[in-house]
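Everything numeric here is computed off the predicted structure, so don't read it as measured data. Residue numbers begin at 1 in each chain, while the letters A, B, ... track the order of the sequences.
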Number of protein chains: 2
Amino acid sequence: MLNTSSVQPLSLERLRTACSTCGLRELCLPVGLSQPEMDRLDDLIHLRRTTKKGQSIYRAGDRFDAIYAVRSGFFKTTVLLEDGRDQVTGFYMGGELIGMDGIGTELHTCDSIALEDSEVCVIPFSRLEDLSREVQALQHHFHKVMSREIVRDHGVMMLLGSMRAEERLAAFLVNLSQRFTARGYSPSEFYLRMTREEIGSYLGLKLETVSRVFSRFQDEGLVSVQQKHIRIIDIPSLKQVMSHQQPC
Amino acid sequence: MLNTSSVQPLSLERLRTACSTCGLRELCLPVGLSQPEMDRLDDLIHLRRTTKKGQSIYRAGDRFDAIYAVRSGFFKTTVLLEDGRDQVTGFYMGGELIGMDGIGTELHTCDSIALEDSEVCVIPFSRLEDLSREVQALQHHFHKVMSREIVRDHGVMMLLGSMRAEERLAAFLVNLSQRFTARGYSPSEFYLRMTREEIGSYLGLKLETVSRVFSRFQDEGLVSVQQKHIRIIDIPSLKQVMSHQQPC
DNA sequence: CTTGTCGCTTGATTTGGATCAAACGCCCGA
DNA sequence: TCGGGCGTTTGATCCAAATCAAGCGACAAG
């Protein structure tokens with residue numbers, strides 16, 4: 001199937017899209033770089049790709065040659081089993097990097113799909129490796145990013161392996177809240193870009209269970225839920241639920 | 001608590017322990033390095049550590065400054081929740097690298113515990129970064145190792161999120177079998193170094209369930225189980241169970 | 001050899017979340 | 001404005017795995 005997401009070179013728009021002027025630079029790959037170093041990083045990020053809701057930046061089996069920084073929008077990644085079952089392995093928002101699953105085998109191992117119209121910066125991987133041999137700060141930060149992905153995955157394993165449905169959803173909401181906060185959005189009010197089914201897949205639950213737990217949280221006054229619009233009313237209590245501590 | 005595992009510098013033993021002469025070099029960090037490059041890697045691996053069964057190489061919260069290559073023996077890593085629950089996030093055998101969880105925050109985020117008397121090579125991380133800025137093959141291979149860890153974690157997420165108990169245990173056995181095979185051991189006969197409880201924690205099951213599924217597999221003639229001694233009788237069928245396909 | 005401990009197995013019962021089923025309501029295109 | 005479809009909610013029932021409980025067996029220390 002043809003991938004129809006558009007690809008555009010940067011030219012005059014260069015300044016606008018350069019890392020140095022990007023609002024996400026404090027969260028993304030350029031963290032800790034000096035101005036000249038950041039300019040060198042800009043040199044290798046020649047492409048952006050806009051991706052419509054539902055389209056992918058890559059699919060499992062595609063050749064790996066770049067990683068992608070989310071510039072705007074929202075993505076999920078999913079792995080697929082032969083028998084048709086699939087599993088959402090992550091949700092990604094502005095400043096986060098996608099595609100590192102492909103480094104190990106030179107092939108991508110999951111699909112990355114936009115949950116709303118989105119834009120990513122294309123970072124050619126071999127050029128990134130070249131530059132990070134010259135720029136220590138870049139090398140080190142890239143290692144940190146990969147390491148954090150591993151730690152995040154451990155968190156999900158913990159969630160899936162030893163938490164109950166309510167704890168999982170509470171942890172999910174608290175995590176989203178923190179990530180929105182880091183991006184300057186409200187910690188307590190946001191739109192979910194994913195369906196109940198996608199949340200369920202990520203959390204190892206069925207969509208009905210996700211829906212029921214949302215309703216229960218609403219009844220208990222922890223959150224207000226209207227379709228995809230979430231308002232977190234009582235973050236401390238949500239954190240308690242997450243940690244399994246009953247409030248006396 | 002004092003960490004009592006012994007630390008020893010390499011001197012005369014150097015040759016014996018050098019990557020170049022290590023039986024695991026085709027699985028471990030030196031993959032793809034030329035002889036001179038491997039010599040340079042040897043230069044920074046000055047320490048080995050022997051670790052008795054039950055001891056840790058590091059604990060969650062410990063300062064991160066090295067990663068560790070398993071030279072002999074067997075390890076588990078576990079993450080701990082405030083409320084006391086814990087989760088085994090991985091099992092590691094010869095040639096595999098432990099400790100990359102610590103890069104992101106400069107602190108380790110899990111415990112790594114020997115399941116039998118073991119030995120690891122200590123790889124000081126900042127020196128590894130220095131060298132991998134000079135040796136492209138090392139840089140690239142290290143990135144591959146981290147990427148594969150991420151992909152492995154996705155596999156576990158799939159397992160925990162959408163597979164049934166029998167499928168999980170089948171996948172676990174098939175995975176162990178493949179890793180033993182890659183190390184020159186029998187694909188079909190091995191000793192488990194971990195308890196039923198540790199397997200259960202890794203697979204998101206209780207130890208009773210693990211035990212019951214082992215018994216069921218034995219009744220069905222797929223494996224022979226005697227305590228920790230496992231003989232896989234019918235790998236193809238195990239793979240079928242894993243993929244959820246009933247044999248007609 | 002004996003004894004104690006720890007890990008494992010097996011049985012009976014419970015339960016959290018899955019499954020099956022129906023209806024609602026938001027959004028979008030005609 | 002009016003349908004149609006998809007995503008969501010809610011209820012009734014079922015079931016896989018957890019929990020509770022007992023006893024077994026291997027191994028290590030004395």
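In this structure, A/Thr209 reaches the C/dA18 phosphate: one of its side-chain N or O atoms is under 4.0 Å from OP1 or OP2. The phosphate of C/dT10 (OP1 or OP2) has a side-chain N or O of B/Ser215 nearer than 4.0 angstrom.
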Requested in this report: May I have the step-by-step check of ring pair (Phe, Tyr, Trp, His ring centres under 6.0 Å) for B/Tyr185 and B/Phe190, ending in yes or no?
Outcome: CA-CA 8 Å; B/Tyr185 301 113; B/Phe190 45 83; 10.0 Å; no
**Report entry** From CA spacing to verdict: side chain to side chain contact (heavy atoms under 4.5 Å, CB included), B/Leu169, B/Ile199
**Finding:** CA-CA 9 Å; B/Leu169 194 64; B/Ile199 296 172; 3.9 Å; yes
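Computed from coordinates, the B/Leu192 CG to C/dG7 P distance equals 14 Å when rounded to whole Å. Taking atom NZ on A/Lys206 and atom P on D/dC15, their separation rounds to 16 Å, with Å as the unit. The distance from atom CD of A/Glu197 to atom P of D/dT8 is 9 Å, rounded to the nearest whole Å. Rounded to an integer number of Å, the gap from CZ of A/Arg164 to C1' of D/dA17 is 14 Å. In this structure, CG of B/Leu160 is placed 16 Å from C1' of C/dG17, rounded to the nearest angstrom. Going from atom CZ of B/Arg216 over to atom P of C/dT10 covers 11 Å, rounded to whole Å. One interatomic measurement links the two molecules: NZ of A/Lys228 to P of D/dC6, which rounds to 14 Å at whole-angstrom precision. Between the CD atom of A/Gln226 and the C1' atom of D/dT8 there is a distance of 13 Å, rounded to whole Å.
Of the charged side-chain nitrogens involved, none lies within less than 4.0 Å of a carboxylate oxygen, so that B/Lys239 and A/Glu82 do not count as a salt-bridged pair.
Of the two residues contacting DNA chain C, namely A/Leu207 and A/Gln227, the nearest-nucleotide position lying further toward the 5' end is that of A/Leu207.
A donor-acceptor contact under 3.5 Å is formed by the side chain of B/Arg212 with the base of D/dT19.
Base contact: B/Ser211 has a heavy atom under 4.0 Å from a base atom. The residue B/Gly200 sits apart from the nucleic acid: no heavy atom pair falls under 4.0 Å.
Side-chain atoms of B/Thr77 and B/Thr89 form a donor-acceptor pair, as typed in the model, at a separation below 3.5 Å. With 3.5 Å as the limit, one finds a donor-acceptor pair spanning the side chains of B/Asp101 and B/Thr109.
Considering only side-chain atoms of B/Leu205, the nucleotide from C/dG17, D/dC20, D/dA18 that sits closest is D/dA18.
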